[in-house]
Amino acid sequence: MTSESASDNGLRARAAARLSVMPRGTVVAVAIALGAAIAAAALLDALWLDVGTLAWRTAVLGVVGSALVLKLAARHLRAPTFGAANTVTLVRATLTIVLLALLDLRAAEWWVMGLATLAAMLDGIDGALARRRGEASAFGARFDMETDALLILVLAALVWQNGKAGVWILAAGLLRYAFVAASFLLPWLRGALPPSRRRQTVCVVQIVSLIGALVPVVTQPASAALALAGLVVLIWSFAVDVAYLARQARP
């Protein structure tokens with residue numbers, strides 16, 4: 001056996017081991033979500049949008065997203081099953097992927113707003129469900145947070161694309177990723193933050209303000225003012241967290 005084949009066998013063995021310890025139903029749930037997203041995108045395109053590329057865009061983005069979810073679940077989810085709460089978050093992530101696929105397609109704003117509203121309505125259900133069923137986990141919290149961050153980025157991009165606000169609104173979606181990038185240069189930013197109702201409330205306010213700006217009857221300058229209000233609140237919340245981490249990092 002050559003060294004290359006031995007290396008390939010080792011990689012396959014590690015991949016198989018990861019799948020073997022993955023909670024039951026994880027792969028099935030992710031596969032169903034991916035298939036449903038592609039089917040819904042194809043139906044939406046054929047019956048109403050007629051943009052021609054929504055299904056394959058959703059498929060490509062969905063495959064990438066599915067791989068990331070499976071990777072995180074294999075590494076961090078320590079539970080016997082994927083769980084109902086994580087399934088709700090997965091539905092939200094699937095809706096976010098479809099919204100991401102709609103970028104640059106100039107779809108009707110009502111459709112975009114409807115999908116975004118559905119994703120926002122499901123936010124909070126997963127957390128309550130996790131606590132009620134005893135499914136709360138570090139993976140679930142991280143999955144929920146990353147889904148929120150991606151949804152905010154996509155909504156901000158849609159607001160800008162539809163001319164409801166200037167390019168500055170992209171800062172609403174990029175703040176989370178800028179914070180993570182800064183933590184590589186400033187290790188103290190990786191400190192643990194205590195649970196916060198403020199943080200959860202600000203996330204909801206930001207999402208609602210972006211969806212409100214997308215409402216077709218809300219035009220400039222009202223849409224820009226609404227988006228700006230949400231961004232200001234988000235920046236304030238990040239500033240509070242950064243100040244807390246800075247104080248904790250002091251000798």
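Position 1 is the first residue of the sequence, and the numbers go up from there.
- Under the rule for a salt bridge (charged side-chain N to carboxylate O under 4.0 Å, His left out), the partners of R198 that lie at least two apart in sequence or sit in another chain are D241.
- Take T96 and apply the side-chain hydrogen bond (donor to acceptor under 3.5 Å, both in side chains) test, not counting sequence neighbours, and it matches no residue.
- With contacts defined as side-chain heavy-atom distances shorter than 4.5 Å, the pair N86/L77 qualifies.
- Residues passing the side-chain hydrogen bond (donor to acceptor under 3.5 Å, both in side chains) test with T87: none are found, sequence neighbours excluded.
- Once rounded to the nearest 0.5 Å, the distance linking CD of Q200 with CE of M145 reads 12.0 Å.
- In terms of the side-chain hydrogen bond (donor to acceptor under 3.5 Å, both in side chains) criterion, R247 has no residue partners (sequence neighbours excluded).
- In this structure, the ring-ring contact (aromatic ring centres under 6.0 Å, His included) partners of W48, at least two apart in sequence or on a different chain, are W111.
- R133 pairs by the side-chain hydrogen bond (donor to acceptor under 3.5 Å, both in side chains) definition with E135, not counting sequence neighbours.
- Taking the side-chain contact (heavy atoms from CB on, under 4.5 Å) definition, one finds that A120 meets it with I207, I211, sequence neighbours left out.
- For T219, there are no side-chain contact (heavy atoms from CB on, under 4.5 Å) partners two or more places apart in sequence or in a different chain.
- For A101, the side-chain contact (heavy atoms from CB on, under 4.5 Å) test picks out L54, R57, T58, L61, with sequence neighbours left out.
- Legend: salt bridge (charged side-chain N to carboxylate O under 4.0 Å, His left out) pairs involving residues 167-190, not counting sequence neighbours, sorted by first then second residue: E146-R176.
- When side chains are defined from C-beta on, L90 counts as touching F143, because their heavy atoms get closer than 4.5 Å.
- Taking the side-chain contact (heavy atoms from CB on, under 4.5 Å) definition, one finds that Q220 meets it with S223, A224, sequence neighbours left out.
- Note that CG of L158 is 4.5 Å distant from CG of L103, once rounded to the nearest 0.5 Å.
- Annotation: salt bridge (charged side-chain N to carboxylate O under 4.0 Å, His left out) contacts involving residues 114-129, sequence neighbours excluded, comprise R92-D123, R92-D126.
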